[in-house]
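Quick notes on the structure that follows.
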Amino acid sequence: EAQLVESGGGLVQAGGSLRLSCVGYGLSLNEYVVGWFRQAPGMEREGVACISNNEDRTYYKDSLAGRFTISSDNAKNTIYLQMDNLKPDDTGVYYCAADRWRPLYRFLGPNYKDLEVWGQGALVTVSV
């Protein structure tokens, strides 16, 4: 069974950094488009960033490019999300998701609920 496991969440002060990891089990992430979503309390889930190793391309939510960086380590079957200059509005549960067929430019779109594999989420809390 394919699984994604996130780690690296925690409590950080505004202006600080965190790096989230997403490890794939039972699937090779270099065969998938993999991305990060987040969900703040009481809010809809939103796309953050995604990566396609096959195409060697990344895609970001416009407002987050420059502060967030997505990357991959194929040897470790892991996707990372480096988050810098964090703000209280970045607080939420961060989810990793993967799909073999969704194009990169549509991965963060409104049909995210149909993505093939989801992790359990990692909580990120940014204090003032």
Side-chain angles (χ1 to χ4, degrees):
E1 180 184 357
Q3 282 188 304
L4 299 173
V5 178
E6 301 99 331
S7 62
L11 174 65
V12 64
Q13 286 188 323
S17 297
L18 281 176
R19 188 178 78 160
L20 302 180
S21 299
C22 170
V23 181
Y25 296 95
L27 72 166
S28 295
L29 294 183
N30 62 0
E31 298 174 1
Y32 288 69
V33 175
V34 186
W36 290 94
F37 292 78
R38 67 183 183 182
Q39 189 165 17
M43 302 292 286
E44 184 75 17
R45 196 170 298 189
E46 64 173 357
V48 172
C50 55
I51 185 168
S52 168
N53 286 316
N54 279 341
E55 300 175 65
D56 194 22
R57 291 173 58 195
T58 58
Y59 191 82
Y60 293 89
K61 175 180 171 68
D62 285 344
S63 61
L64 298 177
R67 292 196 299 122
F68 289 17
T69 305
I70 190 169
S71 62
S72 64
D73 185 333
N74 290 335
K76 295 182 178 180
N77 208 31
T78 300
I79 302 295
Y80 301 100
L81 183 69
Q82 176 68 39
M83 304 184 291
D84 298 317
N85 190 21
L86 283 161
K87 305 176 181 181
D89 285 348
D90 295 318
T91 293
V93 179
Y94 283 70
Y95 298 91
C96 180
D99 195 286
R100 282 169 291 185
W101 312 115
R102 188 72 55 90
L104 185 74
Y105 66 94
R106 287 178 52 202
F107 193 90
L108 302 181
N111 294 325
Y112 63 87
K113 294 179 182 179
D114 298 332
L115 295 174
E116 286 186 273
V117 188
W118 284 89
Q120 82 288 352
L123 178 62
V124 172
T125 304
V126 184
S127 64
V128 296

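Note: the hydrophobic cluster containing Leu108 does not contain Leu64 (ILVMFWY, side chain heavy atoms under 4.5 Å, direct or indirect links). Taken together through direct or relayed side-chain contacts under 4.5 Å among Ile, Leu, Val, Met, Phe, Trp and Tyr, Leu4 and Phe107 form parts of separate hydrophobic clusters. Connection of Leu86 to Val93 is not established within any shared hydrophobic cluster, with ILVMFWY side chains joined at heavy-atom distances below 4.5 Å, either directly or through further cluster members. Val5 and Tyr95 fall into different hydrophobic clusters, where Ile, Leu, Val, Met, Phe, Trp and Tyr side chains are chained together by heavy-atom contacts under 4.5 Å. If you chain together hydrophobic residues whose side chains sit under 4.5 Å apart, Met83 and Val48 fall into the same group.
A donor-acceptor contact shorter than 3.5 Å links the side chain of Asp90 to the backbone of Lys87. Side-chain atoms of Asp84 never come within 3.5 Å of backbone atoms of Ser17 as a donor-acceptor pair (strictly under, hydrogens ignored). Looking at Glu6, its side chain does come within 3.5 Å of a backbone N or O of Gln120 through a donor-acceptor pair.
With rounding to the nearest 0.5 angstrom, the SG atom of Cys50 is 12.0 Å from the OH atom of Tyr105. Here the CD atom belonging to Gln82 is positioned 12.0 Å from the CZ atom belonging to Arg67, to the nearest 0.5 angstrom. We find the CD-CZ distance between Glu46 and Arg38 to be 4.5 Å, quoted to the nearest 0.5 Å. Interatomic distance, OG of Ser52 versus CD of Glu31, reported as 11.5 Å (0.5 Å rounding). Rounded to the nearest 0.5 angstrom, Asp99 CG and Tyr32 OH are separated by 8.5 Å. A distance of 12.5 Å separates CZ in Arg100 from CG in Leu115, rounded to the nearest 0.5 Å.
Checked by atom type, the side-chain pair Asn53/Asn74 shows a donor-acceptor distance below 3.5 Å. Using modelled atom types, one finds no donor on one side chain facing an acceptor on the other under 3.5 Å when comparing Thr78 with Asp73.
Taking 4.5 Å as the limit, every side-chain heavy atom of Trp36 sits out of range of all side-chain heavy atoms of Lys61. A heavy-atom distance below 4.5 Å is found between the side chains of Leu29 and Leu27. Proximity of Ser127 to Val12: side-chain heavy atoms (C-beta onward) are nowhere separated by under 4.5 Å. Here the side chains of Leu18 and Leu81 are not in contact, with every heavy-atom distance at 4.5 Å or above. With a 4.5 Å cut-off on side-chain heavy atoms, Ser72 and Asn30 do not count as touching. Using a 4.5 Å heavy-atom cutoff, the side chains of Ile70 and Ile79 are in contact.
Using bins of under 30°, 30° to 60° and over 60° for the plane-to-plane angle, the ring pair Tyr94/Phe68 lands in the tilted bin.
No cation-pi contact links Arg45 to Phe37, judged by a cut-off of 6.0 Å to the six-membered ring centre and 45° from its axis.
For CD of Glu55, the number of neighbouring non-hydrogen atoms (other residues, nucleotides, ligands) closer than 6.0 Å is greater than 12. Environment of CG in Asp56: sparse, with no more than 12 heavy atoms of neighbouring residues, nucleotides or ligands closer than 6.0 Å. No more than 12 heavy atoms of other residues, nucleotides or ligands sit less than 6.0 Å from atom OH of Tyr59.
Here the closest non-hydrogen pair linking Arg57 and Leu104 is CB-CD2, 3.6 Å. When all heavy atoms of Asn111 and Arg106 are compared, the closest pair comes out as ND2-NH2, 4.5 Å. Closest approach of Tyr60 and Ala65 over heavy atoms only: CB-CB, 4.0 Å. Residues Ala40 and Thr91 share a closest heavy-atom pair of CB-O, 3.7 Å. Considering all non-hydrogen atoms of both residues, Pro88 and Ala14 come closest at CD-CB, 4.0 Å.
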**Study point:** Asn54 and Val33: CA distance, side-chain angles, deciding distance, side chain to side chain contact (heavy atoms under 4.5 Å, CB included) verdict
**Key:** CA-CA 8 Å; Asn54 279 341; Val33 175; over 6 Å; no
Check your understanding: After noting the C-alpha distance and the side-chain angles of Tyr112 and Arg102, does the key distance pass the side chain to side chain contact (heavy atoms under 4.5 Å, CB included) rule?
Key -> CA-CA 9 Å; Tyr112 63 87; Arg102 188 72 55 90; 5.5 Å; no
